[in-house]
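Heads up: the structure comes next, in structure tokens.
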Amino acid sequence: MTTIWDIMEPDPERVRRLAVALDIDPLVATVLINRQITSTTAARAFLAPSLRDITPPEIITDIERAADRLAAALTANEKILVFGDYDVDGVTATAVLLEFLQAAGGHVSPYIPHRRKEGYGLRSEQIHRRIRHRGYQLVITVDCGITSHEAVEVASAGGIDIIITDHHQPSASLPDAVAVIDPKREDCNAGLDHLAGVGMAFYLLIALRRCLRDMGFWKQRPEPNLKRLCSLVALGTIADMVPLVKENRAFVQAGLTMLSSRPGIKALMDVSGVSPRRVESDDVAFRLAPRLNAAGRVAHASLALRLLTTRDARRAARMAKTLDRLNTRRRQIENKIADEIHQRIAAQPEILDQHALIMAAPDWHEGVLGIVAARLTRAFTRPVILLAQNETHARGSARSIPGIDLYGLLASCAAHLEHFGGHAMAAGLTLRNDQLTAFTQAFLGHLADRTGPQDYCRRLSLDAEIALGQITPRLLDQLETLQPFGQGTPEPLFITRDVDVESHRVVGGHHRQMVLRSRHQSSGQRYQAIQFNIDPDQEPPASFKRLALHLRWNRWNGSRRPQVMVVATDPETDTGRS
């Protein structure tokens, strides 16, 4: 697979002006301009995001209507149900609403469907079997509901009001709910498309608290501190891989500092080896979120919800250990499916002649298919759709690559699908088994019409060229001020050339530590480097023509030292070291 190394080249004069105005290293100014942060004002807001500067909630379509209805439910002591999704975004959104409404004295309960038994989103059978007979008068969906037209009709006929909060792409028409809060609806001009489901739920609470304040509601009880909920908002936002820009950046920066204040999250940090002294977005994305997601993938997401909302440290410790075990089980199931797919491709290499991988099997565990699809997308640089089949239907997950709109492609194949939803990079879908062949042909046909060979190349977007001698404590300190990193604000990626490998060793089975030296640096200074997920049996070359790398501090036992994180390599020769 071809990899294209793209080095961005911002205007040098703009870089110089920004560096001077902010007194920052030109490399850091280069990164900011590469992220379209070009003015001094925008750069200062980016480097120091504040909750005070977020977009006011009242410009979100239907949010005041939702706040009014929810305030009426609280004052009348109506039974309220918060209906969430089973991923971390949905669970944290459920927890955010649950905690606030309980603090406001609400008669409120949570409901998270079982991934395999019930599937995604609010459905009419849930209204019939689980919601209506329990006397709920108001249901609030979080991180779902935007396509639940039939369920909303059934609920309304039974005297149940629905408020939808979601961030997924709506269909051509909206459900006939009391209020539909979704930044992607056509008549919403709030500019909040980047929010996760938990972000939309949090915005509803901002509007609700203000509505209740205007009613004098808080004269009878303490007004909840919304900032304390930012730990949950940060967790769900990072886990859902939405762009960490604007409001999301403020939520995450505020929330990361408070994660360990929650007994459940602190217990999860303990079992996953995350230090509470300095929590970064990577810790959430790669350590905390997978363990929370494991509940919904291989058991029930209610365990994750109980962990996040408990105030009992002992219970939290027990639940965190259970989640850790479930995550181990999830990895085993995931690896088994991935190995099976790789074996299928090895036996039928012509599968890779297609520009998408679409596979189905009756014994696959639906809960992990999204993760496996993401792995295969990275491995083969093309969209991947994996489906678990029962006697009549196939249901599963799809993942895409940058530049290929997965949701748009599925919408073009809607005639073959019973349900689908998601966004450009990730989606879920359900179809009848007898439609699988027709769907596959339609999807591949639309994909061929909309893409060309250039869309299937791996691309490295490099911020700037750097010499190893430019790595200084000041530069590393300033690069840290660009955090949190994530979607929309990737960690700076640099290119350096002509690097010799002085020594190396394999650690952890599949990672390589190296000592690097620049061939052109007269001082002979050495740099510690790490490269993850390598082939331990393959010797590294004696030198590299170029390296793509991140630059970080490596902190250990109270000390720190510069570390090069090797992302991609271009060997000087193909001859290994002796």
Side-chain angles (χ1 to χ4, degrees), residues 8 10 15 18-37 40 42-51 53 230-231 234-235 237-238 243-246 248-260 269 273-288 461-496 516 525 527-532 547-567:
M8 289 180 274
V15 170
L18 191 62
V20 170
L22 296 176
D23 189 26
I24 57 177
D25 191 290
L27 283 169
V28 179
T30 296
V31 172
L32 288 169
I33 291 176
N34 288 343
R35 308 292 183 273
Q36 307 303 311
I37 302 162
T40 304
R44 288 196 173 112
F46 180 86
L47 296 172
S50 172
L51 293 172
D53 298 329
C230 281
S231 56
L235 191 56
T237 297
I238 295 170
L244 296 189
V245 297
K246 302 178 182 177
N248 287 342
R249 189 168 171 80
F251 294 154
V252 168
Q253 192 165 89
L256 285 178
T257 63
M258 297 185 286
L259 286 179
S260 61
M269 291 165 67
V274 175
S275 170
R277 290 191 296 273
R278 183 180 181 86
V279 186
E280 298 182 355
S281 55
D282 276 2
D283 295 319
V284 173
F286 300 113
R287 298 189 184 187
L288 303 183
S461 187
L462 298 145
D463 282 291
E465 187 161 339
I466 187 174
L468 292 181
Q470 292 177 263
I471 302 173
T472 64
R474 180 174 184 266
L475 173 63
L476 294 178
D477 285 342
Q478 291 185 3
L479 288 174
E480 280 194 345
T481 67
L482 301 175
Q483 294 189 30
F485 301 129
Q487 295 294 312
T489 55
E491 184 173 2
L493 186 62
F494 301 106
I495 179 174
T496 192
L516 305 179
Q525 186 173 352
Y527 299 87
Q528 301 292 324
I530 184 80
Q531 184 178 13
F532 294 111
L547 292 176
L549 51 90
H550 298 308
L551 298 175
R552 301 179 186 174
W553 283 116
N554 180 19
R555 290 180 168 85
W556 182 254
N557 284 340
S559 63
R560 65 179 191 172
R561 67 179 182 183
Q563 180 158 268
V564 172
M565 315 288 292
V566 177
V567 174

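Everything quoted here is computed from the prediction, not taken from an experiment.
- Between the side chain of Arg35 and the backbone N or O of Pro490 there is at least one donor-acceptor pair closer than 3.5 Å.
- Side chains of Gln563 and Ile530 form a contact here, defined as non-hydrogen atoms less than 4.5 Å apart.
- Under the 4.5 Å side-chain criterion, counting only non-hydrogen atoms from C-beta, Thr496 is not in contact with Val564.
- Considering Ile33, Ile37, Thr30 as possible partners of Leu18, the one that fulfils the side chain to side chain contact (heavy atoms under 4.5 Å, CB included) test is Ile33.
- At a threshold of 4.5 Å between non-hydrogen side-chain atoms, the residues Trp553 and Pro562 count as touching.
- Between the side chain of Asp463 and the backbone N or O of Leu493 there is at least one donor-acceptor pair closer than 3.5 Å.
- Of the possible polar contacts, none joining the Arg552 side chain to the Met565 backbone as a donor-acceptor pair under 3.5 Å is found.
- Remark: the backbone N or O of Leu475 is not paired with any side-chain donor or acceptor of Asp25 at under 3.5 angstrom.
- Minimum interatomic distance between Ala234 and Gly255 (heavy atoms only, all atoms of both residues): CB-CA, 3.8 Å.
- Closest non-hydrogen pair, Ala43 versus Leu32, comes out as CB-CD1, 4.2 Å.
- Using modelled atom types, one side-chain atom of Arg249 and one backbone atom of Gln483 make a donor-acceptor pair closer than 3.5 Å.
- Looking only at side-chain heavy atoms (C-beta outward), Phe494 and Leu479 come within less than 4.5 Å of each other.
- Across every non-hydrogen atom of His550 and Pro492, the tightest pair is ND1-O, 2.8 Å.
- By the salt bridge (Lys or Arg N to Asp or Glu O under 4.0 Å) test, Glu465 pairs with Arg497, sequence neighbours left out.
- Within the model, atoms CG of Leu482 and OG1 of Thr489 stand 9.0 Å from one another, a figure rounded to the nearest 0.5 Å.
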List the steps and the verdict of salt bridge (Lys or Arg N to Asp or Glu O under 4.0 Å) for Asp283 and Arg278. CA-CA 10 Å; Asp283 295 319; Arg278 183 180 181 86; over 6 Å; no
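- Nearest heavy atoms, Ser260 versus Pro276: CB-CB, 3.9 Å.
- The heavy-atom pair separating Val15 from Pro26 by the smallest distance is CG1-O, 3.5 Å.
- If you take CZ on Phe286 and CD1 on Ile238, they are separated by 10.5 Å, rounding to the nearest 0.5 Å.
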Run the salt bridge (Lys or Arg N to Asp or Glu O under 4.0 Å) check on Arg560 and Asp477 step by step: do they pass? CA-CA 11 Å; Arg560 65 179 191 172; Asp477 285 342; 2.9 Å; yes
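- Shown here for Val279 and Leu256, the closest heavy-atom pair between the two residues is O-CD1, 3.8 Å.
- Side-chain contact check for Cys230 versus Leu51: some heavy-atom pair is nearer than 4.5 Å.
- Atom CZ of Arg474 sits in a crowded spot, with more than 12 heavy atoms from other residues, nucleotides or ligands closer than 6.0 Å.
- Using a 4.5 Å cut-off on side-chain heavy atoms (C-beta onward), Leu516 and Leu547 make contact.
- The distance from atom CG of Leu235 to atom CE of Met258, rounded to the nearest 0.5 Å, is 12.0 Å.
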